[in-house]
Amino acid sequence: MPIVLGRRYDTGEPCAISIENDRIADVSPVWPSGSLSDWPYVAPGLFDLQINGHSGIWYSNAGLTRDQVLLTLQAYFAYGVTRLYPTLITASHEAFAAGFAALRQACEQHRWASDMVPGFHLEGPYISAEDGPRGAHPLEHVRPADWDEFVKLQDIAGGRIKLVTLAPESENAIDFIKRAVATGITIAIGHTAATRDQIQAAVDAGATLSTHLGNGAHGTLRRHPNYIWEQLGEPRLYASIITDGHHIPATLMTSIVRTKTPYRTILTCDASGLAGCAPGVYELGSGRFELLPDGRIVVAGQQQLLAGSSLGTDTCVASVMRMAGVSLRDAIDMASRTPARLLNQPQFRLQRGSRADLFLFYLPPGATRLDVVATFARGELRYGELPTLTADQPQHTNSV
Ligand SMILES: [Zn+2]
């Protein structure tokens with residue numbers, strides 16, 4: 001029975017967490033025998049609702065295979081992520097079909113993969129065709145909302161598409177939203193240039209999230225009203241934000257977190273398939289992209305149009321603390337409990353009975369990312385190892 005020693009992320013208190021099978025059996029306060037600064041923090045596993053791939057593998061690639069999916073999933077344990085929504089962005093129907101089929105196979109073949117992937121995210125293709133709102137999505141595959149196409153994709157995905165990002169102004173979008181919400185799918189507004197009325201119609205129809213608010217937008221906007229203010233001020237919408245340190249400035253990060261509160265703000269890294277790759281120019285099906293040394297990914301040849309991030313969710317947790325003054329507790333909750341709540345998935349906690357998805361990390365002052373040392377998913381050590389620590393009252397030693 002593993003016993004995990006660490007400082008609770010929410011209170012800072014040292015504790016011993018006993019794991020039995022896939023559950024937390026007990027959480028008890030303890031006294032560190034040595035220095036408390038040697039103790040890592042312990043927190044519930046992170047949950048990122050928007051991951052596009054890793055290690056040069058994109059989920060949107062028509063050639064995606066089951067084994068590639070498994071490779072990418074395994075890589076995310078190193079970031080403290082124990083749950084994620086693989087995300088397919090605007091592509092041809094054939095590419096979607098191949099991608100969802102490969103993702104489904106990975107989940108059906110391995111229990112750990114289906115535990116890690118409680119849903120898929122379809123971002124596009126029913127989005128704005130305008131430059132700016134469209135972001136790096138390929139124009140040739142943008143199309144009106146098509147429920148019949150979606151039903152086919154959902155069938156291929158085995159019913160696992162649980163989140164769809166679309167633009168409310170897309171033709172047929174409001175009807176699409178109503179049908180999707182009726183089947184339990186979460187609808188996000190994103191890659192949009194919608195008017196206030198169109199946004200209100202989408203929310204009235206059941207949309208509950210703004211996807212990466214502040215990105216996927218025009219470079220220059222009318223001061224007000226505009227679609228960023230309209231979504232920011234709409235209390236029925238959660239907002240996801242990419243807090244990798246590059247996608248939005250500190251003041252916008254602060255404004256969104258304070259307005260939506262950590263209860264309705266979700267951190268995502270929107271990691272691209274180039275996450276985990278070396279800096280350089282990469283030729284991909286949809287164009288040429290450059291991974292810069294600071295982790296930004298841009299459409300090659302310019303430095304303005306961001307095309308996802310190469311950084312992980314752990315970086316987003318550290319950045320929102322450093323740049324927006326958010327506490328560790330709130331930052332972790334925005335990357336674990338809040339997305340789970342929005343998506344109607346279980347909220348894992350550091351308490352008896354919770355599924356034992358948790359990770360250990362150090363966070364030196366000013367750090368740009370969490371220094372993840374170990375990740376457990378469903379009670380199994382999936383990444384790293386437990387540091388050697390001892391504690392009194394009661395006596396515990398880390399062992400697995
Ligand atoms: Zn996007």
Side-chain angles (χ1 to χ4, degrees), residues 48-54 58-61 84-91 95-96 99 119-143 145 161-170 173 186-194 199 202 207-219 221 227-228 231-232 237-248 252-253 256 265-275 284-287 289 291 295-299 304-313 316 335 339 342-343:
D48 199 313
L49 50 65
Q50 189 158 352
I51 297 284
N52 299 283
H54 196 276
W58 297 69
Y59 299 135
S60 299
N61 261 5
L84 59 86
Y85 274 14
T87 301
L88 268 61
I89 70 161
T90 301
F96 282 144
F120 305 157
H121 181 174
L122 177 62
E123 188 194 18
Y126 318 130
I127 58 168
S128 171
E130 290 185 37
D131 287 346
R134 195 180 74 253
H137 288 230
L139 177 60
E140 61 185 302
H141 295 305
V142 172
R143 46 197 185 264
I161 303 173
K162 300 283 179 63
L163 175 62
V164 176
T165 294
L166 52 66
E169 71 273 27
S170 177
T186 301
I187 292 289
I189 296 171
H191 290 282
T192 180
I199 290 169
T208 51
L209 172 68
S210 296
T211 282
H212 53 52
L213 188 59
N215 292 113
H218 292 98
L221 270 181
Y227 47 78
I228 295 178
Q231 293 179 79
L232 182 62
L237 287 173
Y238 285 61
S240 74
I241 49 175
I242 307 171
T243 56
D244 62 350
H246 302 302
H247 273 74
I248 53 174
L252 179 54
M253 212 184 274
I256 294 173
T265 307
I266 290 168
L267 307 187
T268 176
C269 63
D270 194 8
S272 123
L274 296 181
L284 302 167
S286 54
F289 297 91
L291 171 52
R296 283 181 297 157
I297 297 171
V298 294
V299 175
Q304 296 300 317
L305 199 54
L306 294 171
S309 177
S310 71
L311 305 165
T313 321
C316 297
L342 169 75
L343 298 165

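In this text the structure is predicted, and so the values were computed from the model without any measurement. Both counts, for ligands and for their atoms, begin at 1 and track the order of listing. No hydrogens, no waters, no symmetry mates; every other heavy atom, side chains included, goes into these values.
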Below 6.0 angstrom between ring centroids: does that apply to H191 and H137?
yes
When you measure from the side chain of S60 to the backbone N and O of I89, does any donor-acceptor pair fall under 3.5 Å?
yes
Will you find, in the side chains of Y227 and H218, an N or O donor that is under 3.5 Å from an N or O acceptor?
yes
Shell of protein N/O/S atoms around the Zn ion (ligand 1), taken as anything under 2.8 Å
E123 OE2, H191 NE2, H212 NE2
Any chance the side chains of Q50 and T268 put a donor and an acceptor closer than 3.5 Å?
no
Strictly distance-based, threshold 3.5 Å: is any side-chain N or O of T243 a donor or acceptor partner for the main-chain N or O of L267?
no
Any side-chain donor-acceptor pair under 3.5 Å between S272 and N52?
no
